[in-house]
Amino acid sequence: MPHADASLVPDSIKTKSEFWTHVHDQLEILMGGQRHWVSNLSNAASLIYNSLQAFPSNFGDGERSVNWCGESLHFPPLVSTTQSTKSDRPAPSLSSFYLISSLFPQPRFTDASMDPQSQTRASTNMLLGPFSGRPACQWIEVSPRPRGVCGDAFVKRSTVLVLDVLTYPGHIACDGDTKSEIVCPLILRKGGEDIVVGVLDLDCLAIGGFDADDQVGLERIVALIIRSCDW
Ligand code: SME
C-alpha cells in the first residue's frame with residue numbers, strides 16, 4: 001500500500017473510537033522499522049491531520065458531526081466564497097508536536113553575535129517540532145512559568161481539553177481562527193522516572209471540537225509514539 005493511503009478512512013468507520021483505533025494502527029505500521037523521533041513524529045502529524053480531514057464525510061450527520069464536519073475532504077477556505085462561514089465548517093486546523101529543546105540537534109556552527117536570549121530559551125522551553133497545518137509559534141515557555149495550554153499540559157503531565165479557547169486563561173493564540181484545542185503530554189518512563197519530552201497539540205476551528213473520546217484515542221497514540229521512538 002502506498003504510504004499516503006494510510007490517511008484514508010474507510011467508510012466502515014463510523015465512531016470516533018473506531019477512527020482513533022484506525023489511526024493508531026496505521027501509525028504503528030508507518031513507524032515500523034525505524035525509531036528516529038523526527039521521522040516518526042513527521043508522519044504522525046501528517047497522518048493525524050489528514051485522517052481528520054478525511055473523517056467527516058464518513059462520520060455521517062447529527063450532532064456529533066459538528067466535531068469533524070466539513071463539506072469536503074479538504075481544509076475549508078480561509079475566506080469563504082459561499083454563504084457558509086468558517087464556523088459552519090469546523091475542521092482540525094493544526095496537528096503539531098512541541099518538544100523539549102534539548103532533544104534538538106546542537107548547532108555545529110554558532111554565531112558569536114547570537115541573541116543571548118535565544119540561548120536561554122533553548123535550555124528551558126519547548127520548541128516547535130513536526131506538524132501539519134498552518135504556521136505556529138516556535139517557542140513555548142515551560143519554566144519558570146508555563147505558558148498556554150501546551151505549557152499547562154507539560155507541567156501537569158496530563159491532557160488538557162479546551163472546549164473554547166477564549167475561556168482559557170493564558171491560551172496562546174497562534175491562529176485567531178482556532179476555537180478549541182486538546183493537548184496531550186508525551187511521557188517517557190525511564191529508570192522509574194517520568195520525563196515529559198513534549199506535547200501533541202491539536203486545534204480545531206469549531207468550539208467543542210474535541211471530547212473525551214478524542215482524549216482516549218490520542219492518549220493511546222502518544223503512548224505508541226513514546227515506545228516507538230528513541231529519545
Ligand atoms: N494554543 C497553544 C499554542 C500552540 S498553537 O495552538 C499551535 C497554547 O495555548 O499552548
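Each ligand, and each atom within it, is numbered from 1 in the order the structure gives.
Atom 6 (O) of ligand 1 has its closest protein heavy atom at Asp203 OD2, 2.8 Å. Among all protein heavy atoms, the one lying closest to atom 2 (C) of ligand 1 is Glu181 OE2, 3.0 Å. When only non-hydrogen protein atoms are considered, atom 7 (C) of ligand 1 lies nearest to Leu94 CD2, 3.1 Å. When only non-hydrogen protein atoms are considered, atom 10 (O) of ligand 1 lies nearest to Cys150 N, 2.8 Å. Protein heavy atom at the shortest distance from atom 4 (C) of ligand 1 is Asp201 OD2, 3.3 Å. If you check which protein heavy atom lies closest to atom 5 (S) of ligand 1, you get Cys174 SG, 3.0 Å. Atom 1 (N) of ligand 1 has its closest protein heavy atom at Ile172 O, 2.7 Å. Looking from atom 8 (C) of ligand 1 to the surrounding protein, the closest heavy atom is Val149 N, 3.3 Å.
Note that the NE2 atom of His22 and the OG atom of Ser12 stand 8.5 Å from one another [nearest 0.5 Å]. Here the CD atom belonging to Gln34 is positioned 4.5 Å from the OG atom belonging to Ser39, to the nearest 0.5 angstrom.
When heavy-atom distances to ligand 1 are checked against a 4.0 Å cut-off, Val165 has no atom that comes that close, whether in backbone or side chain. Residue contacts with ligand 1 for Tyr168 are absent, since no atom lies close enough (heavy atoms, distance under 4.0 Å).
The aromatic rings of Trp37 and Phe104 stand perpendicular to each other, their planes meeting at an angle above 60°, with 30° marking the opposite boundary.
Between Arg134 and Asp177, at least one side-chain nitrogen of the basic residue sits less than 4.0 Å from a carboxylate oxygen of the acidic one, meeting the salt-bridge criterion.
Atoms of ligand 1 lying under 4.0 Å from at least one heavy atom of His171, given by number and element, are 1 (N), 9 (O). Within ligand 1, the atoms closer than 4.0 Å to a non-hydrogen atom of Ala136 are 7 (C), numbered from 1 in the order shown. Taking a cut-off of under 4.0 Å to the non-hydrogen atoms of Tyr98, the atoms of ligand 1 that pass are 4 (C), 7 (C).
The closest donor-acceptor contact from the side chain of Glu18 to the backbone of Thr15 lies under 3.5 Å.
Checking Leu128, Val142, Leu127 one by one against Tyr98, the side-chain contact (heavy atoms from CB on, under 4.5 Å) holds for a single residue, Leu128. Residue Val183 is tested with Leu200, Leu161, Asp201 for a side-chain contact (heavy atoms from CB on, under 4.5 Å); the sole match is Asp201. In summary, of the residues considered (Asp214, Thr21, Asp213), a side-chain hydrogen bond (donor to acceptor under 3.5 Å, both in side chains) with Lys16 occurs for Asp214 alone.
Side-chain heavy atoms closer than 4.5 Å link hydrophobic residues (I, L, V, M, F, W, Y) into clusters, and following such links, possibly through other members, connects Ile48 to Val38.
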